[in-house]
2 protein chains.
Amino acid sequence: MDVFAEQGYSGATISEIERRVGLAAGTGSLYRHFPSKEALLREAVEYEVTRCRTEAESARAGLPHVGDPVERQVQRFRQALQDIQRFDRLFRLMLNDGARVPELADAVWTAVGRRVERRATSEEDVLDAIALTSLGGYHLFSLMQGRPFNGVPEEQLIRLLAELSNPGVAGRQPAAS
Amino acid sequence: MDVFAEQGYSGATISEIERRVGLAAGTGSLYRHFPSKEALLREAVEYEVTRCRTEAESARAGLPHVGDPVERQVQRFRQALQDIQRFDRLFRLMLNDGARVPELADAVWTAVGRRVERRATSEEDVLDAIALTSLGGYHLFSLMQGRPFNGVPEEQLIRLLAELSNPGVAGRQPAAS
DNA sequence: GTCTATAACCAGATAGAC
DNA sequence: GTCTATCTGGTTATAGAC
C-alpha cells in the first residue's frame with residue numbers, strides 16, 4: 001500500500017515492493033505470494049479497507065459521551081479528520097488510479113461518510129458537506145504543503161467548524177431577504 | 001498536461017502523448033520538439049501555470065463591484081472555486097508527482113491563495129482556511145465521486161460558506177467559556 | 001520460501017531517410 | 001517536421017536450483 005500510494009500503480013515497481021518487505025529486489029520472489037501486480041493491488045486495497053474500517057470503529061468505541069452540543073460536534077469532526085487521515089493512502093490511490101479498482105470508491109465513501117445519493121439541498125446537508133469537504137481539503141492541502149495548511153492548526157479548524165455547524169446554539173440567522 | 005494529470009508522470013507514455021497531439025505513436029517524433037520526458041513535463045507545467053494565472057486574472061477583471069458583504073463573499077468564493085477548477089490538472093500532478101517538480105507547489109499556492117507562512121490562529125485566518133479547504137475538498141471529492149459531492153450543488157455550498165464567513169452580519173457569537 | 005537466471009515486453013531515446 | 005528502424009534499459013513474469 002505504501003508504494004502504491006506514494007508512486008501510483010504504474011510508478012510502483014515490483015522490485016521496490018520486494019525491497020520494502022525484505023525480499024531481494026528484482027528477483028521476482030513476490031510472485032510466490034501473488035500471481036500478478038494487479039492481483040497484489042486488489043488484495044492490498046481490500047486489506048487496507050478492512051484495516052481502516054476496523055480502526056475507525058474501535059476508535060469510536062472508546063469515546064466518552066459528551067453533553068454540550070458544540071463539544072459533541074468537536075468530537076465528531078475530530079473523528080472525521082482521523083478517519084480521513086487513516087484512509088489517506090486509499091484516498092491518494094483513488095485520485096491517481098481510481099479507474100483501476102472500481103470498487104474502491106464505494107468502499108471508501110461508505111466508510112468515511114455515507115454517500116448521499118439524492119440531490120442534497122437542505123441547510124443541514126450543506127453544513128455537513130462543508131465540514132467534510134473542509135476536513136478533507138485541509139488534509140490534502142496540508143499534504144501538498146508539507147505542513148498544516150496555511151499555518152492553521154488542526155484543532156482550531158475543528159473548533160470553528162463545530163461552532164459554525166451549530167445554528168441552534170449560536171443563533172446564526174439566514175441571509176437577509 | 002492532460003496525459004500527465006490523468007496518468008501521473010510514470011503512467012504517461014510518450015506514445016500516448018504523441019497520439020494526442022496527432023503524431024504517429026511510438027515513433028519518437030516528440031523528441032524533435034523536446035529533449036526528454038522530464039523536460040516536456042517541466043515545460044508543460046510552466047505553460048499551464050501561466051495559462052491558469054492569466055485566465056484567473058482576466059476572469060477577475062470583468063467582475064462587477066458588489067456592495068452587499070455576503071454577496072461580495074459569494075463572488076469571492078465563486079472565483080476561488082473556479083481558480084481551483086482551473087488549476088485542477090496542476091493540483092492532481094502536485095498530489096501524484098509533487099516531488100518531481102519542486103517549484104510547482106510554490107507556483108500554485110501563490111496563485112490560488114497566497115500561502116501563509118506564520119502560524120495562523122486568528123478567527124479570520126481560520127475562517128479563510130475553512131472556505132479554501134472546503135472549496136478544495138469539494139472539488140477533489142466531487143472528482144472522486146464523479147458528480148457534485150454528496151449531491152450538494154456548487155452554488156449552495158458557496159452561499160452557505162459566504163453566510164458563515166460574515167461574523168459581522170450574522171452576529172454569530174464565539175463558543176461559551 | 002527464497003534466490004539465479006532468463007524470457008518477453010515495453011518504454012524512453014537516437015540516427016537517418018524523406 | 002515526420003516517419004522507419006533500432007538501441008538500451010528497466011519491468012513484469014516464469015522456470016528451476018537450493
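So you know, we letter chains A, B, ... as the sequences are listed, proteins then strands, and number each from 1.
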For this session: Using a 4.0 Å heavy-atom cut-off across all strands, classify A/Ala25 as base, sugar-phosphate, or nothing.
Result: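 No contact.
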Exercise. With a non-hydrogen cut-off below 4.0 angstrom, is B/Thr27 in contact with a base, only sugar-phosphate, or nothing?
Worked result: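 Here B/Thr27 touches the bases of the nucleic acid.
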Given [options], identify the nucleotide with an atom nearest to the side chain of [X].
X	options	answer
A/Tyr31	C/dC3, D/dT14, D/dT2	D/dT14
A/Thr13	D/dT12, D/dA15, D/dT2	D/dT12
A/Ser36	C/dA13, D/dA13, D/dG1	D/dA13
B/Lys37	D/dT2, C/dC3, C/dG12	C/dG12

Exercise. Taking the six-membered ring for Trp, is the centroid-to-centroid distance between A/Phe149 and B/Trp109 below 6.0 Å?
Worked result: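 That pair passes the under 6.0 Å test.
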Interatomic distance where [atom1] belongs to [X] and [atom2] belongs to [N] [whole Å]:
X	N	atom1	atom2	answer
B/Tyr9	C/dA11	OH	P	14 Å
A/Glu18	C/dC3	CD	P	8 Å
A/Ile17	D/dA13	CD1	C1'	14 Å
A/Ile14	C/dA8	CD1	P	20 Å
A/Gln7	D/dT11	CD	P	11 Å
A/Glu38	D/dT12	CD	C1'	12 Å
A/Leu30	D/dA15	CG	P	16 Å
A/His33	D/dT14	NE2	P	15 Å

Exercise. Given that B/Leu23 and A/Ser29 both sit by DNA chain D, which one's nearest nucleotide is further toward the 5' end?
Worked result: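 That would be B/Leu23.
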Exercise. Does any N or O in the side chain of A/Glu18 come within less than 3.5 Å of the main-chain N or O of A/Leu30, such that one atom is a donor and the other an acceptor?
Worked result: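 Yes, because the side chain of A/Glu18 sits within donor-acceptor range (under 3.5 Å) of the backbone of A/Leu30.
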Problem set entry | Spatial distance of atom CG (A/Leu157) from atom CG (B/Asp125) [nearest 0.5 Å] |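 The CG atom of B/Asp125 is 12.0 Å from CG of A/Leu157, to the nearest 0.5 Å.
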For this session: Check the surroundings of atom CD in A/Glu46: do more than 12 heavy atoms from other residues, nucleotides or ligands lie under 6.0 Å from it?
Result: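 Count not over threshold, so no.
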For this session: Write down the atom of A/Arg119, the atom of A/Thr121, and the distance for their closest heavy-atom approach.
Result: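 Here A/Arg119 and A/Thr121 meet closest at NH1-CG2, 3.7 Å.
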